[in-house]
Each structure stands twice: as C-alpha cells, then as structure tokens.
Participant: 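One structure, as structure tokens, below. Some questions next.
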Amino acid sequence: MVEIKLTGTPRQIGGQRGEQLKYAVHFALEHYVPGHAHQWSLAAARAHGQRMAEDMSKRWPEVIDEVISTAVGAEIPEDDMLAYVFRAWNALTDHPSTLACYSMTCRDPGRGLIMAGVLEDGPPFYLLERVSPVEGVPFFSVTWAGMPWSVRSMNKAGLAIGQASSFAGIRFREGTHKFPFDLYARGFFAERCAIQNATTVSEGVDILRSFECGSTFMLTDASGTAVTLEACGKLHALRDPDDLGIMTGGVFESPELIKSLIDEGIAHDWEEGIRKAKRVSSRLREAHGQTTMEWMAAYLQAEQTDGGWCHDGLQSATIACPTTGEFWVSGYRPCASGFKEYATSDL
C-alpha cells in the first residue's frame, strides 16, 4: 500500500497531500465526479459539495482549510474538490444501499484485546497516511487519495477506530426522521476528527456523536476498552464485547436503535448482516482463545470463497493492538499484498 507522511497545520497538511498525490487525485476525481455525470449534472454535484462544506464549517472548520489546501496543491478547482470529498456521486445517485466494510474484536492471549477489520470499496484509490498535526495526536489513517477523512485508523495514544457503512432505510427519500445522505458523508470526517483529537474510547465516542453522522464505528484504546457505536443522526446505541472479548461491527444490531428506526427500516439486507455477524463470531470462538494477531492476519488473508475475507473489492485490512501499539496494514487484496507492521511509537 502507498504510504505518505504529512505534518503541520491543516493548510500545510492539505497542501502536502495535494502535491504528493496530484495525479492520483485527478484520476480518482475524474472517475467519480465527471465520470458519473450522465446520472446527474456537475452543477448538482458542486452544489452538494458546497452545502456540505457549509455544514462542516460549523462542525470542524479546520478540515475545510485542509480540503481547500489539498485542492490548491493538486491544482483542482475548489468546487470540484468539495464535490469529491463529500461523495457527490453517492449522494445524487438513487441506488440501493449495501453493507460494506467490517470490524471485529477478540483477544490475543499474549497481547490483549485486538481490533481487526476490512475496508471494502472500489476502485483501489486507498492509501495510508502518517499524519503529525500541529494540534492533536499523531495518527495512521487508511483513506482515499486526496480525502481528509479516515476509514480505519490508529493514533499514538493507542486509540483505534474502524468504520462500516450502515444506513437508515430512507437514505434516498424523506421520511419520519428525515435521515439524508449527509449523515453518511459526515461519518468519515467524524472518524478523522476523533482519531486526531481523542485518546480514549469515551472521548472518541463523544466526538463521533457530535457530528450527528450515520455509520457503525468500532473503537478500542490502550486500557483494553472496546465498544461499537451505532450512529444514525441523533440516535445512538453502544455495544460491548462479550466475555471472550468478541464483538462484530457491521449492520445496526442494537435493539433500541432498531426499534427507533422501525418506521424507516434498514437500507441494506439487515438479515444477511445478522447472519454475517453470527458467522464471524462463530469463527472467532472456534479458534478457542488462540486469536493472535498472526491468526487474524491469516483469517483476513484467506479467500472469501474459503471462509475468509479476501476478494476483489477488498481495498485494505488492518489489525490494531492498543496495548502494544502495533498496527498492521494491508493493501488491495491482502491475500496478495500481505501485511506491513507499523508501531504507534514511530509516529
């Protein structure tokens, strides 16, 4: 997986990102914004980006400085960059929502609690950023070329976060609670803000909640605490690992959140999501407490057809151990790319 290093203020970080990834960002933007314009107009995409930027400026204004500086560094018009980072192609296309990405926890008998997971998307524009901000905690972030947000991350304090796409059923229409696509788009920014500014699970949950976003987040920290936050706007639910330290993070599972969404439904195949959670939990239990980081790497690298996770849409996989500061990262198709081992002490 490609790795870049970024340091400084938001403007400096954005400028460095744009300059280092100029051609990759141009390629990705062309694919996702003008490349999909047969389904909607570029004017609509730019209007979406501008509206989201105005909202984000109230929640985390520094990140907008970073976005604009990335656009300058990559020599991309600001309105096109805003449409890109706020995922206009998702917001404007009336397609079914699907569960993507996944997280899980278990115990390594020699290391303590570990959190692992996969990032599923396409095409493969993902990379690893090693960021040392002037304000906040240095961190590793698996993200998309040119994007200021995070999907799988770990910081120097030992906090690790993983995201999975989960949606309320009215993502593409107005309903009782009026959950717009905005909730989902804000989730990636929320994770980036949390991994840069929080040091514990509790602090991270508070930041994620403040963004009123929509996704399933799994968090672990150096104390061995772990939790899954299911977020849908102002609605939230928390889940803890079981007695074996096992927890899965995909679809919304918490009864209280499901009941709150009863009139909205879940946009993706919720029943399949629950079956998946049971399959994953069973696989972790079948290891009989031998779920080491090495065991987890082998599990994530096994082909999906053989009961593992590797498939053509898998862009990255990570394994984090907060108590030791280890952060293992794979690139596209981990069965082929393997894992590279990082340490938070090197941040």
Participant: Given R130 and D346, is the salt bridge (Lys or Arg N to Asp or Glu O under 4.0 Å) satisfied, shown in steps?
Facilitator: CA-CA 10 Å; R130 184 193 299 235; D346 295 331; 5.3 Å; no

Participant: Please check this pair: side chain of R46 against backbone of D79, looking for a donor-acceptor N/O pair closer than 3.5 Å.
Facilitator: no

Participant: side-chain contact (heavy atoms from CB on, under 4.5 Å), that's the test. Do S330 and K340 meet it? Break it down for me.
Facilitator: CA-CA 6 Å; S330 82; K340 184 173 181 179; over 6 Å; no

Participant: Assess whether a salt bridge exists between E62 and R11, defined as any Lys/Arg side-chain N lying under 4.0 Å from an Asp/Glu carboxylate O.
Facilitator: no

Participant: I'd like to know if the side chain of R111 reaches the main chain of T324, judged simply by a donor and an acceptor atom lying under 3.5 Å from each other, with no hydrogens or angles considered.
Facilitator: no

Participant: Report the distance from atom CZ of F125 to atom CG of L127, rounding to the nearest 0.5 Å.
Facilitator: 11.5 Å

Participant: Check whether the side chains of E230 and T216 place a donor and an acceptor atom closer than 3.5 Å, and report yes or no.
Facilitator: no

Participant: Report yes if the side chains of I246 and T105 come closer than 4.5 Å at any heavy-atom pair, otherwise no.
Facilitator: no

Participant: Return the NZ to OG distance between K276 and S281, rounded to the nearest 0.5 Å.
Facilitator: 12.0 Å

Participant: When you compare the side chains of D121 and Y126, does any donor N or O come within less than 3.5 Å of an acceptor on the partner?
Facilitator: yes

Participant: Is R17 paired with E66 through a side-chain N to carboxylate O contact shorter than 4.0 Å?
Facilitator: yes

Participant: Can you tell me if T70 uses its side chain to pair, donor with acceptor, with the backbone of G14 under 3.5 Å?
Facilitator: yes

Participant: Between Y23 and H26, is a side-chain contact (heavy atoms from CB on, under 4.5 Å) present by the stated rule, with each step listed?
Facilitator: CA-CA 5 Å; Y23 299 108; H26 275 266; 5.5 Å; no

Participant: Just checking, any donor-acceptor pair under 3.5 angstrom between side chains of E203 and T199?
Facilitator: yes

Participant: A side-chain contact here means heavy atoms from C-beta on lying under 4.5 Å apart; do L82 and M52 qualify?
Facilitator: no

Participant: Are a donor atom and an acceptor atom from the side chains of R192 and Q196 found within less than 3.5 Å of each other?
Facilitator: yes

Participant: Check the pair R209 / L229 against side-chain contact (heavy atoms from CB on, under 4.5 Å), numbers first and verdict last.
Facilitator: CA-CA 9 Å; R209 281 174 162 166; L229 169 67; 4.2 Å; yes

Participant: In terms of side-chain heavy atoms, does S223 have a donor or acceptor partner in T225 at a distance below 3.5 Å?
Facilitator: yes

Participant: Do we see a donor-acceptor contact under 3.5 Å between the side chains of T7 and S132?
Facilitator: no

Participant: Is there a side-chain contact between I195 and L159 (heavy atoms, below 4.5 Å)?
Facilitator: yes

Participant: Would you call D182-R87 a salt bridge at under 4.0 Å N-O?
Facilitator: no

Participant: What verdict does the side-chain contact (heavy atoms from CB on, under 4.5 Å) test give for L128 and F140, after you've listed the backbone C-alpha separation in whole Å, the side-chain angles of each residue and the deciding distance to 0.1 Å?
Facilitator: CA-CA 7 Å; L128 178 68; F140 294 112; 4.1 Å; yes

Participant: Just checking, is any N or O donor in the side chain of Q163 or S215 under 3.5 Å from an acceptor N or O on the other one?
Facilitator: yes

Participant: Please check if the side chain of S337 supplies one atom and the backbone of G331 the other of a donor-acceptor pair under 3.5 Å.
Facilitator: yes

Participant: Would W144 and F188 count as a close aromatic pair, with their ring centres under 6.0 Å?
Facilitator: no

Participant: With side chains defined as the heavy atoms from C-beta onward, is the minimum distance between M81 and V25 less than 4.5 Å?
Facilitator: yes

Participant: Return the minimal non-hydrogen interatomic distance between V227 and R239, and the atom names on each side.
Facilitator: CG2-O, 3.2 Å

Participant: Is the closest side-chain heavy-atom distance between L219 and V205 below 4.5 Å?
Facilitator: yes

Participant: Does the side chain of E303 come under 3.5 Å of the side chain of T305 through a donor N or O and an acceptor N or O?
Facilitator: no

Participant: Checking S69 side chain against P10 main chain: does a donor-acceptor pair fall under 3.5 Å?
Facilitator: no

Participant: What closest approach, in Å, do A317 and L300 show between heavy atoms, and which atom pair accounts for it?
Facilitator: CB-CD1, 4.0 Å

Participant: Give a yes or no answer on whether the side chain of E129 reaches the backbone of S150 with a donor-acceptor pair at less than 3.5 Å.
Facilitator: no

Participant: Donor-acceptor pair, W149 side chain versus V85 backbone, under 3.5 Å?
Facilitator: yes

Participant: Does any N or O in the side chain of T291 come within less than 3.5 Å of the main-chain N or O of A287, such that one atom is a donor and the other an acceptor?
Facilitator: no

Participant: Between E272 and R279, is there a side-chain N and carboxylate O pair less than 4.0 Å apart?
Facilitator: yes

Participant: Any cation-pi pair here, R59 with F189, using under 6.0 Å and within 45°?
Facilitator: no

Participant: Quick test of your reading of the model: are E191 and R152 salt-bridged, counting only N-O distances below 4.0 Å?
Facilitator: no

Participant: Looking only at atom types and distance, does a side-chain atom of D108 sit under 3.5 Å from a main-chain N or O of G112, one as donor and one as acceptor?
Facilitator: no

Participant: Taking all non-hydrogen atoms of both residues, which atom of P109 and which atom of Q290 are closest, and how far apart?
Facilitator: CG-OE1, 4.3 Å

Participant: State the OG1-CZ distance between T318 and F327, to the nearest 0.5 angstrom.
Facilitator: 4.5 Å

Participant: For residues Y299 and E294, is any side-chain donor paired with an opposing acceptor at under 3.5 Å?
Facilitator: no

Participant: Could you tell me whether the side chain of R107 and the main chain of I114 form a donor-acceptor pair under 3.5 Å?
Facilitator: no

